[in-house]
Amino acid sequence: MTQPKLLVTAALPYANGQIHLGHLVEYIQTDIWVRYQRLNGRRCIYICADDTHGTAIMIRARQEGRSEVELIADMQKSHERDFAGFDISFDHYGSTNSEENRLLCNAIWQSLRDANLIVEDDVEQLFDPEAGTFLADRFVKGTCPSCKAPDQYGDNCSKCGATYSPTELIDPVSTLSGATPVVKTAKHLFVRLENLHSFLENWTQSGEHLQSEIANYLKGHFLGKPLRDWDISRPAPYFGFEIPDSPGNYWYVWFDAPIGYIASTWQWCKKNNENLDDWWKSDSTEIHHFIGKDITYFHTLFWPGVLHSAGFSLPQFVHIHGFLTVDGEKMAKRKGTQVQAATYLKHLDPAYLRYYYASKLGPRLDDIDLNLTEFANKVNSDLVGKVVNLASRTARFIESMGLAPEYPHDGGLFASAASAGEKIAQAYEQLDYARAMRLIMEIADQANAFVENSAPWTLKKDPTQQVRLQEVCTIVLNLFRQLCVYLAPVLPRLADQCGQLLQSPIQHWNDSQSPLVGTPVSKFEHLLQRLQPEKVQAMIEESKVETTPQAETSPSTEAVVAPQDSGDALAAEPLAPTCTIEDFTKVDLRVARIIKAEEVPEAKKLVKLTVSLGGDNTRTVFAGIKAAYTLEQLQGRLVVIVANLQPRQMKFGLSEGMVTAAGPGGTEVFLLGVDSGAVPGQRVH
RNA sequence: GGCGAUGUAGCUCAGUCGGUUAGAGCAACGGCUUCAUAAGCCGUGUGUCGGUGGUUCGAGUCCACUCAUCGCUACCA
């Protein structure tokens, strides 16, 4: 009986943003697995697509003054270019905005209807009368109903952490138009997931389809109680597919996105004369999804539920990976660590990143860290210093002779490296690439030691030793080739180059098991340049300029170049409607000095500030700036506060004012200051 | 708060069923070498294995508690 063929997917990137190094962890991890399987002779297709629907796309297209279709076409082009630049070997890259996807959504929808899984319910949602659209949570801001913190998004409060519905917000404002949203009731359609509870319990807990941490997470979090109905419709206007039997309603983007996996496969089938059912409704295909841990829920509960109800094959395994940090911290545009794929490619070879990620990736969901110093060291030391150097230090010696006609005695080196192949293969199979890379580098170390002991450069000088010279080089080049086979899933270009050098292409994993003899050796050319650390720095610098030109907030940085401010910040939070001077004077802004900054131990985001308006006039203000400033940085500095804001009772005490700041929140909060000369108590006019 | 994880050498991490003096790579230091992309080889580690307590003849490995860090917390793409 033949092994099942493989259908592999990576998550569909959303068409609202560019691919960055964080995304690439997943596409590279998946690509390595796919290439490994193919090299082993396994039938394996790698399918992906752009995820194109939803409110965010609709709003963005509107802001850019063009159609959604135009926007997503541009974005798709750019995504495909980035992936190609990193040698991601998709068999097909489709789009969720395709006719195939619409037809599949219809069919799957009908199955859910037939299975009595669809129910209707009224949902109260905020509606923006000016923009004429319902507002997703992220497009509404207002005062938190729990702690009364102002300027909070519609789903949860960044200050007190409370979660609520946007309709509970006090004084809500649409971030699209600045209009006051009104509560509107609309009919929504839901999937009654609870009907599939026992199926999902079995599927997730079987131990065969998910990493154990994930199974535990689902069990503890969702499966212990009845599953909630899943709201999968959105009223018009919405960019997506209209629901055929519910005019005016559209499928929520998370309904049609995973179906895009099937639709994209279908497009591939049409191109290649294949039958879709052989891939999605057949025991002779194993489906493997690769995703990040942020979208676990959709892929391990909803998606299996939908597939099960609609009669499609379930994934054999959902492989979940962690996030990328850079130098130990979350990627941040401000620091230039959120590097776009295209920016990386301008400065560095994709092989570096593919190898570095491989050397860090294991089968678990730990986050992986891109340590920039280590990145440069590791790539240079392992790839250039150890692997490529083997060819570099021997190939030239036998350009005229070619490889020896018979494989010489090598003290068992080749045989032992060949037998390590099984362990390496197993590590790839189990997604333990870090282990695979360690095993491979052990072989490279042994090979380099052999070169050292055999001293081909000495043999070269002795005319009676030419046969031995050829033998030594034959051994070393065969070890090099073995390494290239083992590294081929990670470094496809190096494998090709090795094939050219030894005039025998690497086509199968088993090429590592028998040595090459008697072939000519091409003229040696450098296979991989050393990574220059300056280029890493240049990439980081460019990433800073590209994304946050307004980074020059600190006067200490000497800005030589005129800042190129992007429109991102304004687009993220459009201007509020016009207000009169009377409106403005209602707000009493005052200069104040922070005389005491205290930790609030139980609070995640708040610090307690005692501010002085001069004289004995002090007050207590709670500010959500814990992540952005240390207590020392706050102590003593002048800030601008809203002095006549109605005091709010917060969880940790009464807040008698508000400190003004710019920025989206979290670590990116920038307090307003005043030029020197201002004193506490002065009003801001 | 709940849940899931992590905490081993300066850095990044291995340590399979609990079993001899706890390992690797990188970095650092010393020596050798010069074929090679200033690459390579040899040598050098006094680590409270986060902490406390327990089980055991024996614990980095099992159990309890505790501290720290990270992530997730569904109508958000």
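Chain A is the first sequence line, chain B the second, and so forth, proteins listed ahead of strands; every chain is numbered from 1.
When each of B:rA74, B:rG71, B:rC75 is scored by its nearest atom to the side-chain atoms of A:K225, the top-ranked nucleotide is B:rA74. Of the listed nucleotides (B:rG4, B:rC26, B:rC75), B:rC75 has the atom at the smallest distance from the side chain of A:R234.
Comparing the P positions of B:rG4 and B:rU66 gives a spacing of 15 Å, expressed to the nearest Å. If you take atom C1' in B:rG10 and the same atom in B:rG47, they sit 12 Å apart, rounded to whole Å. Nucleotides B:rC29 and B:rC35, compared at atom P, are 26 Å apart to the nearest Å. Taking the C1' atom of each, B:rA39 and B:rU20 are spaced 39 Å apart, rounded to whole Å. Between the C1' atoms of B:rC49 and B:rU6, the separation comes to 14 Å (whole Å). Remark: the separation of the P atoms in B:rU46 and B:rU21 is 16 Å, to the nearest Å. B:rC26 and B:rC62: their C1' atoms are spaced 33 Å apart (whole Å). As rounded to the nearest Å, B:rU48 and B:rG53 have C1' atoms that lie 16 Å from one another.
When rounded to the nearest whole Å, the span between CG of A:L218 and P of B:rA5 equals 12 Å. When rounded to the nearest whole Å, the span between CZ of A:R228 and C1' of B:rC75 equals 8 Å. B:rA77 atom P lies 16 Å from atom CD1 of A:I72, rounded to whole Å. Atom CG in A:L210 sits about 15 Å away from atom P in B:rG4, given to the nearest Å. Rounded to an integer number of Å, the gap from A:H321 NE2 to B:rC72 P is 13 Å. Rounded to an integer number of Å, the gap from A:I320 CD1 to B:rG71 C1' is 13 Å. When rounded to the nearest whole Å, the span between CD of A:E442 and P of B:rG23 equals 15 Å. Counting to the nearest Å, the P atom of B:rA77 and the CG atom of A:L71 are 15 Å from each other.
Side chains of A:Q18 and A:S78: a donor on one and an acceptor on the other come within 3.5 Å. Counted by atom type alone, A:H188 and A:D122 present zero donor-acceptor pairs between their side chains at under 3.5 Å. Residues A:Y356 and A:E374 bring a donor and an acceptor atom of their side chains to less than 3.5 Å of each other. A:D231 and A:Y252 form no side-chain donor-acceptor contact under 3.5 Å, judged by distance and modelled atom types alone. Of the N and O atoms on the side chains of A:N16 and A:R60, at least one donor lies less than 3.5 Å from an acceptor on the other residue.
The residue among A:R438 and A:H188 whose nearest nucleotide of RNA chain B is located toward the 5' end is A:R438. RNA chain B is contacted by both A:Y356 and A:D382; A:Y356 maps to the nucleotide lying nearer its 5′ end (nearest heavy atom per residue).
Heavy atoms from other residues, nucleotides or ligands lying under 6.0 Å from CD of A:E525 number 12 at most.
With a 4.5 Å cut-off on side-chain heavy atoms, A:T300 and A:I214 count as touching.
Judged as a side-chain contact (heavy atoms from CB on, under 4.5 Å), and not counting sequence neighbours, the contacts of A:P172 are A:L126, A:V140, A:L169, A:P181. Take A:A449 and apply the side-chain contact (heavy atoms from CB on, under 4.5 Å) test, not counting sequence neighbours, and it matches no residue.
Using a 4.0 Å heavy-atom cutoff across all strands shown, A:W230 reaches no nucleic acid atom at all. Counting any heavy atom pair closer than 4.0 Å across all strands shown, A:Y14 reaches a base atom.
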_One character per nucleotide, please: for nucleotides 33-40 of chain B, 5' to 3', B when the base has a protein heavy atom closer than 4.0 Å, S when only the sugar-phosphate does, - otherwise._
SSBBB-SB
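Note on A:K293 versus A:D367: salt bridge recorded, some NZ/NE/NH1/NH2 to OD/OE distance being below 4.0 Å.
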*After noting the C-alpha distance and the side-chain angles of A:W109 and A:W251, does the key distance pass the ring-ring contact (aromatic ring centres under 6.0 Å, His included) rule?*
CA-CA 10 Å; A:W109 180 249; A:W251 283 306; 5.7 Å; yes
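The two residues A:A404 and A:T474 have their closest heavy-atom pair at N-OG1, 2.9 Å.
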Are there any protein N/O atoms within less than 3.5 Å of an N/O atom in nucleotides 6-10 of chain B, and if so, which ones and at what distance?
| from | atom 1 | to | atom 2 | distance (Å) |
| --- | --- | --- | --- | --- |
| B:rU6 | OP1 | A:R364 | NH2 | 3.3 |

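Taking the centre of each ring, A:H53 and A:F241 come in below the 6.0 Å mark.
Among A:I72, A:T55, A:V253, the one residue that satisfies the side chain to side chain contact (heavy atoms under 4.5 Å, CB included) test with A:F239 is A:I72.
A cation-pi contact, defined as under 6.0 Å to the ring centre and within 45° of the axis, links A:K184 to A:F127.
Going from atom CZ of A:F255 over to atom CZ of A:F298 covers 13.5 Å, rounded to the nearest 0.5 Å.
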_RNA chain B base-pair string [pairs: Watson-Crick or G-U under 3.5 Å; |: paired with another strand]_ = (((((((..((((.....[...)))).(((((.......))))).....(((((..]....))))))))))))....
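Listed by residue number, the members of residues 289-304 of chain A with any heavy atom below 4.0 angstrom from RNA chain B are A:K293, A:Y297, A:F298.
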